Amino acid sequence: MSARTIPTPTLVAVAHGSPDPRAERSITALLRLVRALRPGLRVEAGYLENDTPRLADTLAGLGAGGGGRAVLVPLLFSRGYHVKHDIPGVLERVRAGLTVTTAACLGPHPLLVDALYSRLVEAGYRRSADPDADGVVLAAAGSLDPESAAGTEYTAHMLADRLGGVPVLPAYASAARPTVAEAVAELRRSGRSRIAVASCFTAPGLFATRCAEAAPGVAAAPLGAHPALARLLLHRYDQARGAIPEPAPTPAPATRRPALVASEG
């Protein structure tokens with residue numbers, strides 16, 4: 001009697017969502033890359049706002065048959081309101097027939113820094129001959145949660161190391177200070193004349209656009225379908241999937257042997 005194979009948990013990428021149609025296209029491209037890196041893994045999207053499918057609908061679909069398992073991977077870079085309140089709120093409403101665990105948010109992590117650095121270089125960032133001329137602003141969404149700000153600040157420190165000691169100041173599109181313009185002004189007061197903006201956003205949208213418009217020089221694109229970001233999603237998934245208890249395997253139906261019939265002779 002052999003046991004049935006236990007399905008691998010589904011990776012559900014939880015995105016904020018945006019009225020900007022480019023955002024959904026960017027998330028779709030990122031998840032396409034994740035699937036290419038891990039063939040056979042079921043990867044679904046679930047949005048908190050604006051776009052579809054909403055996270056609640058994605059989870060309801062996965063749990064419809066009963067016995068489903070999923071790992072939620074927030075496409076968010078620090079632990080703020082969405083991670084601590086919005087996602088748990090959805091899980092409280094939609095749990096029937098589904099076993100779920102939530103992975104850590106994407107940052108801080110070296111793979112995130114790799115993606116940020118790569119997008120800066122793609123946008124034209126180069127170290128100048130004067131080591132005291134360069135400065136970078138790390139633009140993020142912003143949150144009132146101090147844990148979120150601490151995560152962004154740590155990512156800024158990691159990016160500064162990746163850039164060889166160039167100062168990197170975190171800045172925010174909403175809810176927190178400084179703004180990108182304020183961070184640029186602070187770098188200028190310290191004598192930095194070549195200032196670039198790194199975009200700590202998954203996809204294009206209002207916040208990413210607002211931050212890029214405040215850049216006095218190079219402005220990196222949102223991370224989007226960057227290979228390092230796709231690998232980071234899978235890393236967070238792998239870290240969390242061990243927390244999901246495996247259901248007891250269901251024995252396969254026994255194969256009936258044909259009845260033996262005595263032959264005459």
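Since we're looking at a predicted model, the values are computed, not measured. The figures here come from the full heavy-atom set of this structure, side chains too, leaving out hydrogens, waters and symmetry mates. Here, residue 1 is the first one in the sequence, and each next residue gets the next number.
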- Begin from the C-alpha positions of Ser199 and Leu223 and carry the test side-chain contact (heavy atoms from CB on, under 4.5 Å) through to its verdict. CA-CA 7 Å; Ser199 181; Leu223 301 178; over 6 Å; no

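- Follow the hydrophobic side-chain contacts under 4.5 Å out from Val100 and you reach Leu48 in the same cluster.
- Using modelled atom types, one side-chain atom of Thr209 and one backbone atom of Gly205 make a donor-acceptor pair closer than 3.5 Å.
- Looking only at side-chain heavy atoms (C-beta outward), Leu233 and Leu75 come within less than 4.5 Å of each other.
- Applying the side-chain contact (heavy atoms from CB on, under 4.5 Å) test to His235 and every residue at least two apart in sequence or in another chain returns His109, Leu232, Gln239.
- Scanning for salt bridge (Lys or Arg N to Asp or Glu O under 4.0 Å) contacts around Arg177 gives Glu182, with sequence neighbours left out.
- Residues Arg25 and Pro204 form no side-chain contact, since every pair of their non-hydrogen atoms from C-beta on lies 4.5 Å or further apart.
- At distances below 3.5 Å, at least one donor-acceptor pair connects side-chain atoms of Ser143 with backbone N or O atoms of Asp145.
- A distance-only check finds a donor-acceptor pair linking the side chain of Arg119 to the backbone of Pro222 [under 3.5 Å].
- A salt bridge between Arg192 and Glu186 is absent, with no side-chain N of the basic residue lying under 4.0 Å from a carboxylate O of the acidic one.
- Taking NE2 of His16 as the reference point, atom CG of Asp86 lies at 7.0 Å (rounded to 0.5 Å).
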- Task: Given side-chain contact (heavy atoms from CB on, under 4.5 Å), test Leu55 with Val12 step by step and report yes or no.
- Result: CA-CA 9 Å; Leu55 176 59; Val12 179; 3.9 Å; yes

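- Note: Arg194 CZ to Leu187 CG = 13.0 Å, rounded to the nearest 0.5 Å.
- Following chains of ILVMFWY side-chain contacts shorter than 4.5 Å, one can reach Phe77 starting from Leu234, so the two form part of one hydrophobic cluster.
- With values rounded to the nearest 0.5 angstrom, Glu44 atom CD is found 10.5 Å from Leu59 atom CG.
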Acceptor/donor pairs from residues 28-37 side chains to any protein atom, 3.5 angstrom cut, sequence neighbours excluded:
unit_1, atom_1, unit_2, atom_2, d
Thr28, OG1, Glu24, O, 2.9
Arg35, NE, Val43, O, 3.3
Arg35, NH2, Val43, O, 2.6

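- With hydrogens and angles ignored, the 3.5 Å screen pairs a side-chain donor or acceptor of Ser18 with a backbone N or O of Asp20.
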Residues 155-176, side-chain donor-acceptor partners within the protein, below 3.5 Å, at least two apart:
unit_1, atom_1, unit_2, atom_2, d
Thr155, OG1, Gly151, O, 3.1
Ser174, OG, Ala141, O, 3.2

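- Note on Leu62 and Leu72: same hydrophobic cluster, where clusters join Ile, Leu, Val, Met, Phe, Trp and Tyr whose side-chain heavy atoms are under 4.5 Å apart, directly or indirectly.
- Between Arg79 and Cys105, some side-chain heavy-atom pair lies under the 4.5 Å cut-off.
- Taken from OG1 in Thr152 to CD in Glu147, the straight-line distance is 11.0 Å, to the nearest 0.5 Å.
- Using a 4.5 Å cut-off between side-chain heavy atoms of Ile, Leu, Val, Met, Phe, Trp and Tyr, with links allowed through other members, Leu76 and Leu144 fall into different hydrophobic clusters.
- Of the possible donor and acceptor atoms, one in the side chain of Asp134 sits under 3.5 Å from a partner among the backbone N and O of Ser128.
- Looking at Arg231, its side chain never comes within 3.5 Å of a backbone N or O of Leu111 through a donor-acceptor pair.
- Side-chain contact between Val137 and Val184 is present, with at least one heavy-atom pair separated by less than 4.5 Å.
- Put simply, CD on Glu122 and NE2 on His226 are 5.5 Å apart, with the number rounded to the nearest 0.5 Å.
- Listed here is the closest heavy atom pair of Thr101 and Ala240: CG2-O, 3.5 Å.
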- Item | Step-by-step side-chain contact (heavy atoms from CB on, under 4.5 Å) determination, Thr10 to Thr58 | CA-CA 11 Å; Thr10 299; Thr58 297; over 6 Å; no

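- The two residues Ala219 and Ala123 come nearest to each other via the heavy atoms O-CB, 3.7 Å.
- Under a 4.5 Å side-chain heavy-atom cut-off, the cluster of Ile, Leu, Val, Met, Phe, Trp and Tyr residues that includes Phe201 is completed by Leu206, Phe207.
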- Message: Evaluate Leu106 against Arg236 for side-chain contact (heavy atoms from CB on, under 4.5 Å), listing each step before the verdict.
- Response: CA-CA 7 Å; Leu106 298 181; Arg236 293 303 195 206; 4.3 Å; yes

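- With sequence neighbours excluded, the residues forming a side-chain contact (heavy atoms from CB on, under 4.5 Å) with Ala56 are Val90, Val94, listed by chain and number.
- A salt bridge does not link Glu213 to Arg210: none of the charged side-chain nitrogens sits closer than 4.0 Å to a carboxylate oxygen.
- With contacts defined as side-chain heavy-atom distances shorter than 4.5 Å, the pair Leu116/Cys200 qualifies.
- Following chains of ILVMFWY side-chain contacts shorter than 4.5 Å, one can reach Val113 starting from Val218, so the two form part of one hydrophobic cluster.
- Judged by distance alone, with hydrogens and angles left aside, the side-chain atoms of Tyr237 form a donor-acceptor pair with the main-chain N or O of Pro9 at under 3.5 Å.
- Proximity of His82 to Pro74: side-chain heavy atoms (C-beta onward) are nowhere separated by under 4.5 Å.
- Between Asp51 and Gly17, the shortest heavy-atom contact is OD2-CA, 3.5 Å.
- Side-chain contact between Val197 and Val136 is absent, with no heavy atoms from C-beta onward closer than 4.5 Å.
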